[in-house]
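Everything quoted here is computed from the prediction, not taken from an experiment. Numbers restart at 1 for each chain; the letters A, B, ... are given by sequence-line order, proteins then strands.
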2 protein chains.
Amino acid sequence: MNRRAKKSSSVTSRDVAARAGVSLMTVSRTLRTPDLVSPATRQKVETAARELKYVPDLAAGALSSKRSGHVAVLLPSLRHSGFLRTVDGLSDTLRANGYHLLIGDCYYSPEEQTELLRLILGRRPEAIVLVSSMDSPEARELLDQAAIPIVETWDWPSDPADMVVGFSQYEAGYALSESLIELGYCNIGFLGGPAHTDPYGEQRRKGHVAALEKAGLRADIHVTVSDTPMEIQDGVTGVSSLRRRFPETDALVCATDMTALGALTECQRRGWQVPGELAIAGYGNFDFAPHLTPALTSVKLPSYRMGKQAAELIVAQIDNGTQPADASRNLGFEIIHRQSTQP
Amino acid sequence: MNRRAKKSSSVTSRDVAARAGVSLMTVSRTLRTPDLVSPATRQKVETAARELKYVPDLAAGALSSKRSGHVAVLLPSLRHSGFLRTVDGLSDTLRANGYHLLIGDCYYSPEEQTELLRLILGRRPEAIVLVSSMDSPEARELLDQAAIPIVETWDWPSDPADMVVGFSQYEAGYALSESLIELGYCNIGFLGGPAHTDPYGEQRRKGHVAALEKAGLRADIHVTVSDTPMEIQDGVTGVSSLRRRFPETDALVCATDMTALGALTECQRRGWQVPGELAIAGYGNFDFAPHLTPALTSVKLPSYRMGKQAAELIVAQIDNGTQPADASRNLGFEIIHRQSTQP
DNA sequence: AACTGCCATGTTAACGCTATCATCGCATAT
DNA sequence: ATATGCGATGATAGCGTTAACATGGCAGTT
């Protein structure tokens, strides 16, 4: 069962044309603009194409028409399920409009991002979606020269490159901690990754700090965990470290629900009451959040919607050639209070 | 800030050649086979390329060289985090070898799969990875004609199309239920999706049934939930339905950890002791499995490794032109017993 | 000095498609 | 009948790159 030649003699539009007794141009037309072809001819071509199992070479078409049919998305990580929802939203809408999605994983590294960007621009994508705040000046230059629509997501940049469909991580951080303050907590800690590898977490932390300072509360309870705070284990070790260094902490905000889960289970293991002794909240409203015991307070983010609307903006701009009026959309977030932060 | 012309006058290798004072062929050579170019010339070309920010058009290169540099992967769903790990493994290895990954989401539907396959074959991928057991005859035909390496994953097909890096869902199903029998459970139920939309779950269930029958136990305790058993809610409603219809059940196998989580929390809510009254186990060993209370027994699947090894097989075959000796790899699985099934 | 061989570079012709313009009928208007 | 217009199809010329072959120059050999 091991055939699969190195390269098959692929069926081309010329083959189909010969079989249908027309010119290859008519084949192209039949497939792309059937209205311009007489029904009889169309019939012949379609039959021939089916019989030969013709699959048009999109790269050739792209080269000729200068439309690659590609849209690229750059992710900080493929492991983060929230980002994946965004990819999902993109994929759904783009496919429905005839585009293919190219996915690039930057491993949370600006160098990787630039390198990958260069590589991916070689595919001449018609638009680029960035889930990633860390664009280096070099990356920015590359994007500028490419002169294609850009949509930034998962953020609310002060100096947007082009379009934006996102929300403010800072505001989310501010709002969550503010609401904890309202609930009466006053020693509120933050558990997140190092600033340079976890930019979103860092922005959330900044908002968190601002809220505490505004309320006149201490803002120095901060535990830094490993590179990308998406590992449950980070929550496990993080909460232990927190309780050792800051035993007076009464509420803990975790950079993601994943770390919150770790923190939660570690508290259970150690017999620390949640929310009695320590309230816990996270970000992302992951699937499991409402199903934990206690149910986890979390900030719901517009993950899927960002992808979907980013795709819609792209399609609209490419089709119309003009940018939609509302090409900067702040989709906000929603704080969902659950048992884990009940005073 | 709205520039971004419809189409920029892209820099081509001809431009670089002119600037460097060489022929465009020398530019191509400098980039692809620098050893064949004298150091002085190479220098000139590289400088010119950098100054002009030249990004080679990979589609044009693909057309000419008949090497697209694309590898495609077809997924039943983008939502399933297990599949994502596989994509991760693919992506890592393929990128390191200069390939781009095209991702297609089939929405658990054979029609979508065939349609998507046709579309994606238009990109002339150099290999295809299938995470998906449902290839229709039509899809099979398309693949045959494409004559490219195929790697099937997440399965152990009896009639493989080409290479395989997977494991047997049936055996996993058999093994898990067998181990529950050994632990002394005798009314073991199964909670999964409908056969036609959840093929993996169905195979697991068949293995499960076989194990029960072998042991002379009843094998009719079966709850069917919604289309894709990846929703926690399915576990919630599923376990209620189970307890109503089969109150004598003492252990429940869920098609995924996601449904197991739902079942677990619903049991807690209702006050049903786990594992006292009902033992619960799942598949996938999701991140949260060891962190639940009780910790969830689960079957660990080689998600990342399948992707990585699939990519390695592909690269090896394309580079060497010959198929590696061990082009069918059963990576097995591992049953991890935890508290949720402790007798 | 003429010959051989090889290295560095250039020239030409695709790759498979689409844009563009040309052509050819045929129906309708004059 | 001739002119006009338009719908359907065909011929041609690229798109930006690489494969394959051609060329030219220079070192080493006899």
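Looking at A/Ser13 and A/Ser28, their side chains never bring a donor and an acceptor atom within 3.5 Å of each other. Looking at A/Glu312 and A/Asn97, their side chains never bring a donor and an acceptor atom within 3.5 Å of each other. Side-chain contact, A/Ser81 with B/Ser81: no donor N or O sits under 3.5 Å from an acceptor N or O.
In this structure, A/Arg14 atom CZ and D/dG10 atom P are separated by 13 Å, rounded to whole Å. Atom NZ of B/Lys66 and atom C1' of D/dA20 are 15 Å apart (whole Å). One interatomic measurement links the two molecules: NZ of B/Lys44 to C1' of C/dA8, which rounds to 11 Å at whole-angstrom precision. Rounded to a whole Å, the CZ atom of A/Arg124 is 21 Å from the P atom of C/dC17. Rounded to an integer number of Å, the gap from CG of B/Asp35 to P of C/dC6 is 18 Å. Between the P atom of C/dA13 and the CG atom of B/Leu24 lies a distance of 14 Å, rounded to the nearest Å. What separates CG of B/Leu121 from C1' of C/dG16 is a distance of 16 Å, to the nearest Å. Rounded to an integer number of Å, the gap from B/Arg67 CZ to C/dG16 C1' is 18 Å.
Under a 4.0 Å N-O distance rule, the pair A/Asp15/A/Lys53 does not qualify as a salt bridge. Salt bridge status for A/Arg95 with B/Glu112: present, with a side-chain N to carboxylate O gap under 4.0 Å. Comment: A/Asp159 engages A/Arg140 in a salt bridge, judged by a side-chain N to carboxylate O separation of less than 4.0 angstrom.
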Show the distances under 3.5 angstrom between N or O atoms of the protein and N or O atoms of nucleotides 4-6 of chain D.
none

I'd like a table of atom pairs between the protein and nucleotides 25-27 of chain D - only N or O on both sides, under 3.5 Å - with the distance next to each one.
none

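In this structure, CG in A/Leu74 is found 9.5 Å from OG1 in A/Thr114, a value given to the nearest 0.5 Å. Interatomic distance, B/Arg42 CZ to B/Leu31 CG, rounded to the nearest 0.5 Å: 11.5 Å.
When each of B/Thr86, B/Asp92, B/Asp88 is tested with B/Tyr304 by the rule side-chain hydrogen bond (donor to acceptor under 3.5 Å, both in side chains), just one qualifies, namely B/Asp92.
When distances are taken from the side chain of B/Val37 to each of C/dT9, D/dC15, C/dT11, the shortest belongs to C/dT9. In the set C/dA8, D/dG10, D/dC15, D/dC15 carries the atom at the smallest distance from any side-chain atom of A/Leu63. When distances run from any side-chain atom of B/Ser65 to the nucleotides D/dT18, D/dC15, C/dG10, the shortest one goes to D/dT18. The listed nucleotides are D/dA8, C/dT18, C/dT11; the one nearest the side chain of A/Met25 is C/dT18. Comparing C/dT9, D/dA8, C/dC17 by their nearest atom to the side chain of B/Ser38 picks out C/dT9.
With hydrogens and angles ignored, the 3.5 Å screen pairs a side-chain donor or acceptor of B/Ser68 with a backbone N or O of B/His70. The backbone N or O of B/Arg14 sits less than 3.5 Å from a side-chain atom of B/Thr12, completing a donor-acceptor pair.
Within a heavy-atom distance below 4.0 Å of DNA chain C, no residue of residues 51-62 of chain B is found. Residues of residues 26-34 of chain B that place a heavy atom closer than 4.0 Å to DNA chain C, in numerical order, are B/Thr26, B/Arg29.
Under 4.0 angstrom from either OP1 or OP2 of D/dG16 there lies no side-chain N or O belonging to B/Ser10. Taking 4.0 angstrom as the limit, B/Ser23 places a side-chain polar atom (N or O) nearer than this to OP1 or OP2 of C/dG10.
In this structure, the side chains of B/Leu94 and B/His100 stay at 4.5 Å or more apart for every pair of heavy atoms. Contact check for A/Val11 versus A/Val55: no side-chain heavy atoms found under the 4.5 Å cut-off.
Among pairs with a residue in residues 27-58 of chain A, none fulfils ring pair (Phe, Tyr, Trp, His ring centres under 6.0 Å), at least two apart in sequence or across chains.
By the ring pair (Phe, Tyr, Trp, His ring centres under 6.0 Å) test, A/Phe83 is found to be paired with A/His80, A/Trp154, residues two or more places apart in sequence or in another chain being considered.
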